[in-house]
Amino acid sequence: LTVAVVVGFQTPVALGAAYGIAVSTVMLATTLMFAAVLALTFPRRRPLAAVAFLLVFGVVDACFFVATLLKFTQGGWFTVALTVAFACVL
């Protein structure tokens with residue numbers, strides 16, 4: 001599948017857009033999940049730490065995510081389509 005994707009895109013710009021969306025989505029999802037674990041693990045002390053964590057890292061990751069969504073038409077559609085296809089199968 002990897003070789004077919006590289007051959008299919010034919011340009012490094014389109015391939016970079018596809019993988020950029022995948023990486024920024026994973027970064028944002030990891031940040032959100034870590035904040036949830038932080039808030040739920042120690043409910044008395046950690047909600048403020050989770051909010052602070054989200055304000056710092058969540059904003060940065062959200063900015064990266066929005067910036068890479070602008071490359072959706074340049075090849076990023078492939079990552080989204082592949083994710084939807086795998087989600088439907090699973």
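No hydrogens, no waters, no symmetry mates; every other heavy atom, side chains included, goes into these values. Residue numbers run from 1 in the order of the sequence given.
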Kindly state each residue pair satisfying side chain to side chain donor-acceptor pair (under 3.5 Å) with at least one member in [range], sequence neighbours excluded.
range: residues 73-90; answer: none
range: residues 47-64; answer: T31-D61
range: residues 8-20; answer: none

Quiz item: With a 4.5 Å heavy-atom cut-off, do V51 and P47 have their side chains touching?
Solution: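 Side-chain contact under 4.5 Å: no.
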
Quiz prompt | side chain to side chain contact (heavy atoms under 4.5 Å, CB included), paired with L28, selected from T25, V26, L32 | solution =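 Of the listed residues T25, V26, L32, the side chain to side chain contact (heavy atoms under 4.5 Å, CB included) partner of L28 is L32.
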
Using 0.5 Å steps for rounding, measure from the [atom1] atom of [X] to the [atom2] atom of [Y].
X: S24; Y: F65; atom1: OG; atom2: CZ; result: 6.0 Å
X: L38; Y: M33; atom1: CG; atom2: CE; result: 14.0 Å
X: L82; Y: I21; atom1: CG; atom2: CD1; result: 12.5 Å

Would you say [Y] ends up clustered with [X] if hydrophobic residues are merged whenever their side chains have heavy atoms under 4.5 Å apart, either directly or through other cluster members?
X: L40; Y: V37; answer: no
X: F64; Y: V23; answer: yes
X: F86; Y: F78; answer: yes

Exercise. Could you give me the CA-CA distance, side-chain angles and deciding distance for F57 and F34, then say whether side-chain contact (heavy atoms from CB on, under 4.5 Å) is met?
Key: CA-CA 11 Å; F57 292 102; F34 182 73; over 6 Å; no

Quiz item: Do you know which two heavy atoms are closest between A50 and A39, and how far apart they sit?
Solution: CB-CB, 3.8 Å

Practice problem: For atom CZ of F53, decide whether the heavy atoms of other residues, nucleotides or ligands shown that lie under 6.0 angstrom number more than 12. | Solution: yes

